[in-house]
Amino acid sequence: MEYFLQQLINGISLGAIYGLIALGYTMVYGIIGMINFAHGEIYMIGAFVSLIGFLFMGIIGVTYVPLALFIVLLMAMLFTAIYGWAIERIAYRPLRGSVKLAPLISAIGMSIVLQNYVQLAQGARVKPLQPIIQGGFELFTGNADYHVRLSYLQIVIVLVTVVLMAGFTYVITRTSLGRAQRATEQDMTMALLSGVNVDRIISTTFVMGAALAAVAGLMVTLYYGVIDFYIGFIAGMKAFTAAVLGGIGSLPGAMLGGLLIGLIEAFWSGYFTIGYKDVATFSILVLVLIFRPTGLLGKPEVEKV
Amino acid sequence: MGTLSRLTPHLKDSLAAGLLAGLLALPMLGFRLVDSAQGLSLDYRFTWVAIAAATVFTGRLILLQAGDAIRRRPSQRSASTQPQAGRPNKLRPILGWLFIAGALVLPWAPLADRNLLDKATLLLIYVMLGWGLNVVVGLAGLLDLGYVAFYAVGAYSYALLSQNFGLSFWICLPLAGLFSASFGMLLGFPVLRLRGDYLAIVTLGFGEIVRVVLLNWQVVTGGPNGVSGIQRPSFFGLPFLATAPGKTTFHEFFGLPFSPDHRIVFLYYLILVLALVTNLFTLRIRRLPIGRAWEALREDETACRSLGIDPTKTKLSAFAIGAMFAGFAGSFFATRQGFISPESFSFLESAIILAIVVLGGLGSQIGIVLSAFLLVGLPEWFRDLQQYRMLAFGGAMVLIMLWRPRGLLSNREPTIRLASAPSRVAQTAEDSV
Amino acid sequence: MASDSLPLLAVEHLTMRFGGLFAVNDLSFTAYQKEITAIIGPNGAGKTTVFNCLTGFYKPSVGRLSLTPPDDGAPHLLERMDGFRIAKVAKVARTFQNIRLFTGMSVLENLMVAQHNKLMRASVYSVAGLLGLRRFRNQERQSLEIAKYWLDKIDLSDQADWSAGNLPYGSQRRLEIARAMCTEPVLLCLDEPAAGLNPRESLQLNDLLLDIRRDQNIGILLIEHDMSVVMNISDHIIVLDHGAMIADGTPVAIRSDPTVIRAYLGAADDEDLPPEVTGDLRPAATSGVR
């Protein structure tokens, strides 16, 4: 029972991170219908910027943890967002309206470039970081052998995710920016004709997705304490799986999908062999797609003939 | 005067680009994480940021000015990019024959050495994989991001069959193809009903699953250590060895002095034949009803259904055939290397093969040869610059797509023409490309 | 209605619900061999939905769609068949409101793809085809003849090697009909074949359809807004409004049916209408052109 609870807590924290990355995939897919393959790399860059940011805070002497955390969060979001913006501008925008596979190949190329760029710039070795937020609650201390730990960090992760999620839902459903985004998603030409600056809306979408990925990167840096240039690929793939699982194009779906993937992973590693956890994740994805091809929260597509 | 007035907007544009480059470089190039005794520490390299910004600024300015200069010249090639529909393209069959002739005589060319042949062999593996994937992506329009899984299945099939049961390469080759094709069917059956992008992610996942299983299933696959000491190929039973107790070796049989190059040349021809068989098969099947149905499915699945074409079966056949060729290529890879491990079958390989197909121009057989050369052949020469090689590779993918989104050779040749259709003679002449 | 042809398609109590909306409600009618049956009605009346049920793109909520082949075989129950089987086994072919050609393929290839099942059988899982056996070559030659026949019929022989997407709009419409005919159907369903055609092309279309009716042993179902087409070539018109049939009869009868005129124009009184409108429903056709 305690062990189950522990895995549940771990799964939710991990799932929140996946969900944040998945949001970026789902937003971009929703609006321009492409798989932004480089999104995992954006997240990896977010993690690196965060790590550099923490060390920088240490050097300039900001030692009050909440303040340092806040500054680093802003920095990571800012710089990562610039990367997101630049990638769209350079590698995707010229290919808009071209053959369907062209942006995907360009995105895969971009992903390779970013991975190797970071490897060259920062070295291939894993980068460790001392824990910054320590401590937590001990729950269910009744069992002397096994204590369930809920760390402060896990609380922070879930809280930040919930706040961001609420903020994004507000932006998408209540603001004119969100309205323009939804209009572009429905019909790009018509949105353009109605005076929506489609280029800017798409750029904004990439910036928002990248900022969210940066938050995920920051939290992963804190959570695991080690990062390397390769983390983007695996996390990106899982997050995309999460987006598809939840129903691509749906924001709550992405969050739900992320949560599910996190839970599956945590429970599989907790109860079965850790080596096959990715197999479990993808098998469940395949099963869901077979029985519910639009994902869990995706709108069923009525074929128009 | 005119130049000056054009310079100002260009200057602004370039300044913005330089600024952007600086901002991008600031966190990643400006700081460097260094391992020290106390853990990580930071190092500063702000000069790099300045260099990056300056390079981008100058580069952009030169590019814009050059672009202007070109644009000012009267352009002659504006309308000539698309050849007239309906006229057969005469150039491509010739190009195809030239490639084949060149490939045939390569081992006897004056500059050909072991190294060159090795590289050519590697290149041909990718050409063959590209041709195989072309059936799936180029013809049937199914986005497969996990093609390398079938390559892996082929390679491990041969390695394990020959190690555990002592089967020879020539028996294993068809078996490997069969196994891979069965894997393709097994995977394809549930997922081929899915929409294109879902298919992409499921195949991507499948590729990862295969890799993870190869890594973890220690007893059978040897885990991360892979399988080594795989039986090397023989010339239809004659081994390429200096001496073989109780057996006639290749050089003894033909009365040649022993040379380790024999095996290299043999491997080269073997993959050349395998690749050409793949090509010939694809060219022929394109003209058959199944091939046309693949292309029709790529164009419009709904219309296909309204014409009575079974989409699932048709897609499945493309998937299985593509997988089969990957299986052949995989078993060749295993016999050539003598050692395989999961590392050789990462997602990057799938991405490279897919890039070869898309950059070549979907469906174009010659385009695939060209892009394989660009993406795999050229970088091989720069192996010394290992670190920068992948950076350049990714960059090339982006740039080629931006330059030619439809691929290098994107004109499609109809599979049947009204004029030439009745005579088989005219068709076989075209079969070469 | 009096008809000496044999019934081909019997639609009984066809109902298609989308949530609470009845797109088609308890529709019954019969289409006959060697006849053109037109389905008309205002936009949103459920005409295309009927086609989608017939050709397997939708599964009807209620109803039976039975197709009796002219060679007197057992009737096919279309509502129980998969989309592609309806075309393959029951031999119902269709065209689409927004043309769905294989635009990247040549005109001739479009017609060859339509003969897929026949050619596939001859190629024996592609083995006979790969080996170039005579069995397959003969079938291919025969299919090519059929394609040529239709190319000639739709006047596209000279453009046979063009990409279908490069054809002008009117030719694309005709090619789509020819492609459907190449499947050798017993029932041809045409979804607004005249939409977007100029008057001259409309006349060409009339001729083509009349030729098909005369030369081929098939029935034609036609959805159309262009009354110059409908009134001139139909043997039999069914009028739908809000998913239900409001009239069924010959063109002459339909032309003067007050219910029909009201449905089209929403007029309360027939007397308010100018004579040219009651005489010819053409003004309503503008709404069908996209």
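A note on names: the letters A, B, ... follow the listed sequences, proteins ahead of strands, and every chain is numbered from 1. What you see is a predicted model, and the numbers here were worked out from it, not measured in a lab.
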Of the listed residues ([options]), which shares the most heavy-atom pairs with chain B below a 4.5 Å separation?
options: C/R85, C/M112, C/K91; result: C/M112
options: C/K118, C/M105, C/R179; result: C/M105
options: C/T183, C/D82, C/N117, C/V107; result: C/N117
options: C/N110, C/T103, C/T55; result: C/T103
options: C/A90, C/A114, C/S157, C/G83; result: C/A114

Cation-pi check, B/R286 to B/F281: give yes when NZ or CZ is under 6.0 Å from the six-membered ring centre and within 45° of the ring axis, no otherwise.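 Judged by the rule (NZ or CZ under 6.0 Å from the ring centre, within 45° of its axis), B/R286 is not positioned above B/F281.
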Which answer fits [X], side chain, backbone, both or neither, if we ask what part of it has an atom under 4.5 Å from a heavy atom of chain B?
X: C/V89; answer: neither
X: C/S123; answer: side chain
X: C/L151; answer: side chain

Find out whether C/L240 and C/V50 are in side-chain contact, i.e. whether some heavy atom of one side chain is under 4.5 Å from a heavy atom of the other.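 Contact flag for C/L240/C/V50 side chains = yes.
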Should B/S157 and B/V153 count as side-chain neighbours, where that means a heavy-atom distance under 4.5 Å?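 Yes - at least one pair of side-chain heavy atoms lies under 4.5 Å apart.
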C/L221 and C/L188: CA distance, side-chain angles, deciding distance, side-chain contact (heavy atoms from CB on, under 4.5 Å) verdict: CA-CA 6 Å; C/L221 269 185; C/L188 175 66; over 6 Å; no
side-chain hydrogen bond (donor to acceptor under 3.5 Å, both in side chains) for C/T48 and C/D191? Distances and angles first, verdict last. CA-CA 7 Å; C/T48 300; C/D191 197 347; 3.3 Å; yes
Intermediate values then yes/no, salt bridge (Lys or Arg N to Asp or Glu O under 4.0 Å), C/K153 and C/D215: CA-CA 12 Å; C/K153 222 45 193 162; C/D215 302 338; 3.7 Å; yes
Given the options B/A296, B/A293, B/A303, B/P311, which has more heavy-atom pairs under 4.5 Å with chain C than any of the others?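 With the most close heavy-atom pairs to chain C, the winner is B/A296.
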From C/E176 atom CD to C/S171 atom OG, the distance as rounded to the nearest 0.5 Å: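 The CD atom of C/E176 sits 13.0 Å away from the OG atom of C/S171.
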